[in-house]
Amino acid sequence: MAQNALAAGSMRLSRYYLPTLKETPKEAEIASHRLMLRAGMMRQAAAGIYAWLPLGLRVLRKVEAIVRDEQDRAGCQEMLMPTIQPAELWQRSGRYDAYGPEMLRISDRHERELLYGPTNEDMLTDIFANTVRSYRDLPKLLYHIQWKFRDEVRPRFGVMRGREFLMKDCYSFDLDFEGAKRSYDRMFVCYLRTFARMGLKAIPMEAETGPIGGNLSHEFIILADTGETEVFCDRGVLDFDVLGSDIDYGDDDGIAATIGSFTSLYARTEDKHEAAAFESEVPADRRYQGRGIEVGQVFYFGKKYSEPMGAEVAGPDGQPIAVEMGSYGIGVSRLVGAIIEASHDEDGIIWPDPVAPFDVQLINLRAGDDDCDAACDGIYARLREAGLDVLYDDRDERPGVKFADADLVGLPWRLVIGPRGLKAGKVELKRRDKSIEDEVPLDQAVARLIETAGG
RNA sequence: CGGGGAGUGGCGCAGUCUGGUAGCGCACCUGCUUUGGGAGCAGGGGGUCGGAGGUUCGAAUCCUCUCUCCCCGACCA
């Protein structure tokens, strides 16, 4: 929408850099990859590494803004750590040798060993250890949104599994397990809200917890027919209205209760699925089976890094205590692909309103015709004034080309103005998802757009 | 990393087996005609055939080496 002044902006398509493709580049197999290339959102630079073009960047920024907003709302504080890290940090945490060839190792002109960060536990734990001294400074939730690099053996699915990817990672620091659990719960709820705000059904599912044990790790899975993972869950999980329920981050018990209602219901990916448990715990009419994409994970790992890296605070009795930590990731760039997987048809993308690169596609069917130009220019100005982001197709192209591009790019609203309708004083107002297709008087169309699509 | 496949103009492809002056569709440029679902006609521009070496009078085509990309699997946000 238009609230974000930085992201806002309308464009005339004749001036916009939007290189759409009629044919699919042969390297693109899955829908999101295909559509992102065809819709001119990105171009590949190398395997798993992409350049974001203006349209793609708009979406990436919107997704990022929602993630940021919800992090801040949950009490997390944003910072920014570098993409390049000294190897020494990882040698101290013991991960440098453990990480393997997935880590891109580089060296500078002094032959100092560096690496392109695949994650930031080590660095932030180090920063924290050097700056926080007392239990009274806890708890803390710190996050950043930064590009990461993992040298995957086999990058694929476009932006869904690239080597370079934009990720939000948050880290919690608490004095004891109870505190760590509160932080974990807080992030859990934050994630539910974050994905819901993007128009997605994201389901928390039990995940591997590693050597720590317990059940304190969940993957958040977006439902999408083309997802890579098979998921099984109780439909109750799908019906839960997170945005409708008023989350109060000051109310720990309320948050714990919200999570309890989620985690009490069966929800597992194929790795953890047990048919017998599924059938005994979930009534037949509530069993849901489908496919999904992992877009986030929350993880409690206790003192795994704080102990080796000396991240200790003085407790109430003055004795040093290694802090309890957790980390919480969201694949921001991956989400752009995941959203498309979850929302497209054979003609193109169908953007959920909150992440759409523009609100409205205004189509002038006969650019150069005085009446059409006048009507479109007027509407373009009025919609912009109302704060809507409009992509105005004023190109000297045939209608078929414009419709095809509009379907491809997939903006939520489409306003079509042509000589035929104009003679009758009407324009065509449509939703990309086809839920609305109306011929209405021009003023009415504008009013409806401002009312429903406006900030 | 195992198994498969592909590199020829911006995109999609043919040509390679059987060596003989690089082609098609779309896109692009100019003009005219068109104009409610990817227009028609005419004219035009653009390619070291991934790279390096070799064989040959002559290599996109044959041989050797190499780089890159994609798909399936294992792995992963």
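Throughout, protein chains are lettered first and strands after them, A, B, ... in sequence-line order, and every chain is numbered starting at 1. The model shown is predicted, which means the values in this text are computed figures rather than measured ones. These numbers come from the heavy atoms of this one structure, side chains and all, not from hydrogens, waters or symmetry mates.
Partner assigned to B:U34 is none, using Watson-Crick or G-U wobble distances below 3.5 angstrom. Nucleotide B:C1 has B:G73 as its partner under the Watson-Crick or G-U criteria, with both atom distances under 3.5 Å. The partner of B:C28, taking Watson-Crick or G-U wobble pairs whose two distances both stay under 3.5 Å, is B:G44.
Residue A:D369 is out of contact with every strand shown, counting any heavy-atom pair closer than 4.0 Å. Residue contacts shown for A:D405 include a base, since a base heavy atom lies under 4.0 Å away. A:G421 comes within contact range of at least one nucleobase, with a heavy-atom separation under 4.0 Å. Across all strands shown, A:E152 has heavy atoms under 4.0 Å from base atoms, whether or not it also approaches the sugar-phosphate. Residue contacts shown for A:A28 are absent, as no nucleic acid heavy atom lies under 4.0 Å away. Using a 4.0 Å heavy-atom distance criterion, A:K402 is classed as making no nucleic acid contact. Among the protein residues, A:T119 comes within range of no part of the nucleic acid, since none of its heavy atoms lies under 4.0 Å from any strand. Residue contacts for A:K426: at a heavy-atom cut-off of 4.0 Å it reaches no nucleic acid atom on any strand shown. Counting any heavy atom pair closer than 4.0 Å across all strands shown, A:G400 reaches sugar-phosphate atoms only and no base atom. Base engagement by A:G418 is indicated by at least one non-hydrogen atom pair under 4.0 Å involving a base atom. When heavy atoms are screened at a 4.0 angstrom cut-off, A:A47 is found touching the sugar-phosphate backbone but no base atom. Contacts of A:Q44 with the nucleic acid, taken as non-hydrogen atoms under 4.0 Å apart, involve only primed sugar atoms and P, OP1 or OP2. Using a 4.0 Å heavy-atom criterion, one finds that A:R43 contacts no nucleic acid atom at all.
Comparing the P positions of B:U30 and B:C63 gives an interatomic distance of 46 Å, to the nearest angstrom. As rounded to the nearest Å, B:G37 and B:C29 have C1' atoms that lie 26 Å from one another. Using P as the reference atom, B:G9 and B:A60 are 14 Å apart when rounded to the nearest Å. When the P atom is compared between B:C72 and B:U66, the two are found 26 Å apart, to the nearest whole Å. Distance noted for atom C1' between B:U55 and B:A14: 27 Å (whole Å). When the P atom is compared between B:G25 and B:G43, the two are found 13 Å apart, to the nearest whole Å. On the P atoms, B:C13 is 12 Å away from B:A6, given to the nearest whole Å. Nucleotides B:C28 and B:U21, compared at atom C1', are 26 Å apart to the nearest Å.
The salt bridge (Lys or Arg N to Asp or Glu O under 4.0 Å) test applied to A:R34 returns no partner, not counting sequence neighbours. In this view, A:L442 and A:A375, A:I379, A:R382, A:L422, A:V427, A:V446 satisfy the side chain to side chain contact (heavy atoms under 4.5 Å, CB included) rule, not counting sequence neighbours. With sequence neighbours excluded, the residues satisfying side chain to side chain contact (heavy atoms under 4.5 Å, CB included) with A:A46 are A:I49, A:R163. Looking at residues two or more places apart in sequence or on another chain, you find no salt bridge (Lys or Arg N to Asp or Glu O under 4.0 Å) involving A:K426.
The only member of A:K402, A:R414, A:R398 that meets salt bridge (charged side-chain N to carboxylate O under 4.0 Å, His left out) when paired with A:D393 is A:K402.
Applying the salt bridge (charged side-chain N to carboxylate O under 4.0 Å, His left out) rule to pairs touching residues 93-107 of chain A yields A:R95-A:E121, A:R95-A:D122, sequence neighbours excluded.
In 5' to 3' order, the nucleotides of RNA chain B bounding all contacts with chain A (an atom under 4.0 Å from a heavy atom) are B:C1 to B:A77.
Side-chain contact annotation: A:Y143 with A:D72, donor-acceptor N/O pair under 3.5 Å present. No side-chain donor-acceptor contact under 3.5 Å links A:Y328 and A:H218.
Note on ring orientation: taking the six-membered ring where Trp is involved, the planes of A:F220 and A:F188 are perpendicular (angle over 60°, cut-offs 30° and 60°).
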